[in-house]
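What you are looking at is a predicted structure, and each value in this text was computed from that prediction instead of being measured.
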Amino acid sequence: QLQLVESGGGLVHPGGSLRLSCAASRYTLEYYAIGWFRQAPGREREAVSCISRNGGYTNNADSVKGRFTISRDNAKNTVYLQMNSLKPEDTAIYYCAVVGPPLVPHMCEMRGLTGRWGQGTQVTVSP
């Protein structure tokens, strides 16, 4: 079954940048809309950004709009999250997951579709 592996997290100062990667094994990501989610300790997991199957449509949470950019390279079977102007409140474990709607190439929804989550990658923004 589809396995997604997140990478690219780390420790960064406020105002810094990181690029997260979401790589698929076994199956190609070309057939899936993908979203990025994050969860801080003691908080509910929240949707950050999503990208449609064809890459033509993206959606971003208001909290990251103008700072984060989601993109995909289907030839490399990878989805990215470029994070700029990072703030301490961005500190969380970041996850990628398949999102809906299924069978629609030009849209994405800010909600996980399968209910399965991987290990995630830790992003820490601290002075």
Would you say that Leu18 contacts Leu86 through its side chain, given a criterion of any heavy-atom pair below 4.5 Å between the two side chains?
yes
Close side-chain approach of Trp36 to Ile70, heavy-atom, < 4.5 Å
yes
Minimum heavy-atom distance Asn60-Phe68, with the two atoms named
OD1-O, 4.0 Å
If only atom types and distance count, is the side chain of Asn59 paired as donor or acceptor with the main-chain N or O of Val48 below 3.5 Å?
no
Answer with yes or no whether the hydrophobic clustering places Leu81 together with Leu113; edges join I, L, V, M, F, W, Y residues whose side-chain heavy atoms lie under 4.5 Å apart.
yes
Ignoring hydrogens and geometry, is there a side-chain-to-backbone donor-acceptor pair from Thr91 to Glu89 under 3.5 Å?
no
Find out if a path of hydrophobic residues (ILVMFWY) with successive side-chain heavy-atom gaps under 4.5 Å connects Tyr32 to Met107.
no
Quick one, Pro14 and Lys87 - any side-chain contact, counting heavy atoms below 4.5 Å?
no
Report whether Ile34 and Ile93 are members of the same hydrophobic cluster (ILVMFWY, side-chain heavy atoms less than 4.5 Å apart, transitive linking).
no
Inter-residue atom distance Cys22.SG - Leu4.CG, 0.5 Å rounding
4.5 Å
What's the shortest heavy-atom distance between Leu20 and Met83, and which atoms?
CG-CE, 3.7 Å
Should Ser71 and Gln82 count as side-chain neighbours, where that means a heavy-atom distance under 4.5 Å?
no
Starting from Val79, can I reach Tyr27 by hopping between I/L/V/M/F/W/Y residues whose side chains sit under 4.5 Å apart?
yes
Could you tell me which non-hydrogen atom of Gly9 sits nearest to which non-hydrogen atom of Thr121, and how far apart they are?
N-OG1, 3.0 Å
Donor-acceptor check, side chain of Asn84 to backbone of Ser17, threshold 3.5 angstrom: yes or no?
no
Heavy-atom count check: over 12 atoms from other residues, nucleotides or ligands less than 6.0 Å from Gln122 CD?
yes
Can you see which heavy atom on Trp117 is nearest to which on Arg45, and at what distance?
NE1-NH2, 2.9 Å
Cluster question for you: counting only ILVMFWY and a side-chain heavy-atom cut-off of under 4.5 Å, with indirect links fine, are Ile51 and Tyr95 together?
no
Report yes or no: does Glu6 contribute a side-chain atom to a donor-acceptor pair with the main-chain N or O of Cys96 at less than 3.5 Å?
yes
Closest heavy-atom contact between Arg38 and Tyr94?
NH1-OH, 2.9 Å
Would you give the length of the straight line joining atom CZ of Arg111 to atom CZ of Phe37, rounded to the nearest 0.5 angstrom?
10.0 Å
What's the shortest heavy-atom distance between Ser126 and Leu11, and which atoms?
CB-CD1, 4.3 Å
Evaluate the criterion side chain to side chain donor-acceptor pair (under 3.5 Å) for residue pair Arg19 and Tyr80; output intermediate values, then yes/no.
CA-CA 7 Å; Arg19 190 178 77 159; Tyr80 304 98; 4.7 Å; no
Would you compute the distance between atom CG of Asp90 and atom OG of Ser63 and round it to the nearest 0.5 angstrom?
7.5 Å
Beyond-backbone contact of Leu29 with Tyr31, side-chain heavy atoms, under 4.5 angstrom:
no
Distance, nearest 0.5 Å, that separates CD of Glu109 from OG of Ser52
12.0 Å
